[in-house]
Amino acid sequence: MKKILLTVVLGIAVGAAAQTTSQPAQGQPATPPAQAQAAAPPAAAPQAAPVIKDPAEYNAYVAAVQATDPNAKISGLEAFLNQYPNSVMKNQALEILMQTYQQAGNAKKTMDTATKLVTSDSCNVRALALLAYFDRVIAQGGDPNAKQMLADGKKYGQQGLDCMPKFVKPEGTSDADFQKTKDQMTGIFNAAIGISSLQDKDYPTAVKALRTTVDQNPTDFSVVYPLALAYLGQTPPDYQNGIWYAARAAAVAPPAAQAQIEKYARSQYVKFHAGEDGWAELLAAAKANGPQVAVKPAPSPAEQAHNMIAATSPEKMDFATWEFVLSNGSQEDQDQVWNAIKGKAVQMNGTVISTTATEFMIAGSSDDIDAKKADITLKFEDKVPVKLIPKDGASFDFQGDPASYTPNPFMMIMEKGQLLRAKAAPTTKKPPVHHKPAAQ
């Protein structure tokens, strides 16, 4: 646990604690703790401040809070709380004790005191912020009890958000400092809620909570990367935001993790965009903490089909590309391919799915071969001798003339079928295995 983080969480508490350590007049109202003021609704009439009536209790409290040595202050406050567990100054004493433990660097005692303070004062937002923060970061650090700590952190986070409207500005605090503290605590509470929700795969809640925190803390890797995962975990994934915050996470990641996070962000970009073009520019903008860059989606199947025709003439395409264009292209693009190959003898390799003496069902693309799904019907003019019919699942060379096709589900009818053996006819032979381009 880092002492500096405790200081951040409790930054405003120093001033509040300093105000409460002045000696109250015996039998007169002691300076009210901020939480005692906050407990009343904003529109409520002012309430009387707590009064220490017992001289011995009064002396014990004043001696403890005015001690200049931290160890003496801790001992005095612990003794005061043990001796006067129902004192009107209990919550204020606990808050000063929590702050003193923090200043002494004793994180465990700080957290123990915060727990006691929340038990006594359920809307003490400083204590709630400490508990929400440390339950979250310790769980993220791989604590064996992480699941329970995240659940506890979420509980404290929601409790803190519910209490924020009651949080009253301590006397002597500027409006700007008070707003800064409220924003900081709101971020802490939302982070605890968001990380726990992400663990529970409640992605919408995680996105809402973590986005609030990240907007306030754009360089905090511990919340930026989880926000990316929350966006990308949704159904369907929010690639626009998910890819951007994954790139931001790569930019702010610890050096040892930076390459791995950048690789993940790039893979999500390529998955969505179907290419690396534009990735370097997006990553540079993320590293510069610039404005979010939009990611252009991958081309539609029809656009991909059109690009294939622009890049390769139909006569030079493999069978899988024919299948993709004829299944996904515009009618114009389908016609361009079909008119180029219809009625022209094609030699290729395929896998037998089933056979009769006059008709073979064949898988011609590797995807359909893997799926054991026919995409070619090869028709013979004469019966094929039984001894020449290949077994189901066998790979073999054949020739046929494309005669017709249906786009979905794809099936090409080839006529004038021939089995190829020793010597092939002088026609273009298609490669035996090609994957169909992936439709986005």
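On a predicted model such as this, the values are computed, not experimentally measured, just so you know.
Between the side chains of Gln292 and Asn241, at least one donor N or O sits under 3.5 Å from an acceptor N or O. Side-chain atoms of Glu95 and Asn124 include a donor-acceptor pair closer than 3.5 Å. Side-chain contact annotation: Gln331 with Asp335, donor-acceptor N/O pair under 3.5 Å present. Residues Thr321 and Asp318 have side chains that bring a donor and an acceptor to within less than 3.5 angstrom of each other.
Of all the heavy atoms in Pro402 and Met412, the pair that sits closest is CB-SD, 4.0 Å. Taking each heavy atom of Phe189 and Ala132 in turn, the nearest pair found is CD2-CB, 4.1 Å. Minimum interatomic distance between Tyr225 and Ile261 (heavy atoms only, all atoms of both residues): CZ-CD1, 3.6 Å. Nearest approach of Val207 to Leu227, heavy atoms of both residues: O-CD1, 3.9 Å. Considering every non-hydrogen atom in both Phe410 and Ser327, the closest pair reads CD1-OG, 3.4 Å. Nearest heavy atoms, Ala246 versus Ala228: N-CB, 3.4 Å.
Other residues, nucleotides and ligands place more than 12 heavy atoms under 6.0 Å from the CD atom of Gln159. Remark: Gln179 CD is packed, more than 12 non-hydrogen atoms of other residues, nucleotides or ligands lying under 6.0 Å away. Atom NZ of Lys155 is surrounded by more than 12 heavy atoms from other residues, nucleotides or ligands within 6.0 Å.
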Kindly determine whether Asn82 and Glu78 satisfy side chain to side chain donor-acceptor pair (under 3.5 Å), including the steps that lead there.
CA-CA 6 Å; Asn82 286 332; Glu78 291 281 17; 5.0 Å; no
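With a 4.5 Å cut-off on side-chain heavy atoms, Phe319 and Ile376 count as touching. Annotation: side chain of Ile353 is not in contact with side chain of Lys373 (no heavy-atom distance under 4.5 Å).
Remark: side-chain polar atoms of Asp368 are not paired, donor with acceptor, to backbone N or O of Ala363 under 3.5 angstrom. A donor-acceptor pair under 3.5 Å links the side-chain atoms of Gln334 to the main chain of Gly329, judged by distance alone. At least one donor-acceptor pair closer than 3.5 Å links the side chain of Gln304 to the backbone N or O of Pro299. Judged by distance alone, the side chain of Thr181 and the main-chain N or O of Asp177 form a donor-acceptor pair under 3.5 Å. In this structure, Arg266 contributes its side chain and Trp279 its backbone to no donor-acceptor pair below 3.5 Å. Side-chain atoms of Gln399 do not come within 3.5 Å of backbone N or O of Val346 as any donor-acceptor pair. A distance-only check finds a donor-acceptor pair linking the side chain of Asn349 to the backbone of Phe396 [under 3.5 Å]. Counting only distance, with no hydrogens or angles, the side chain of Thr173 and the backbone of Phe178 share no donor-acceptor pair below 3.5 Å. Formation of a donor-acceptor pair under 3.5 Å by the Ser120 side chain with backbone atoms of Lys116 is not found in this model.
Residues satisfying the ring pair (Phe, Tyr, Trp, His ring centres under 6.0 Å) criterion with Tyr264, sequence neighbours excluded, are absent altogether. Not counting sequence neighbours, the partners of Tyr239 by the ring pair (Phe, Tyr, Trp, His ring centres under 6.0 Å) test are Phe272.
Residue Thr213 forms a side chain to side chain contact (heavy atoms under 4.5 Å, CB included) with just one option from Ile188, Asp220, Val223, and that option is Val223.
Ion pairing of Lys108 with Asp112 is present here, as a side-chain N (NZ or NE/NH1/NH2) and a carboxylate O approach within less than 4.0 Å. In summary, Lys379 and Glu415 do not engage in a salt bridge, as defined by a charged side-chain N under 4.0 Å from a carboxylate O.
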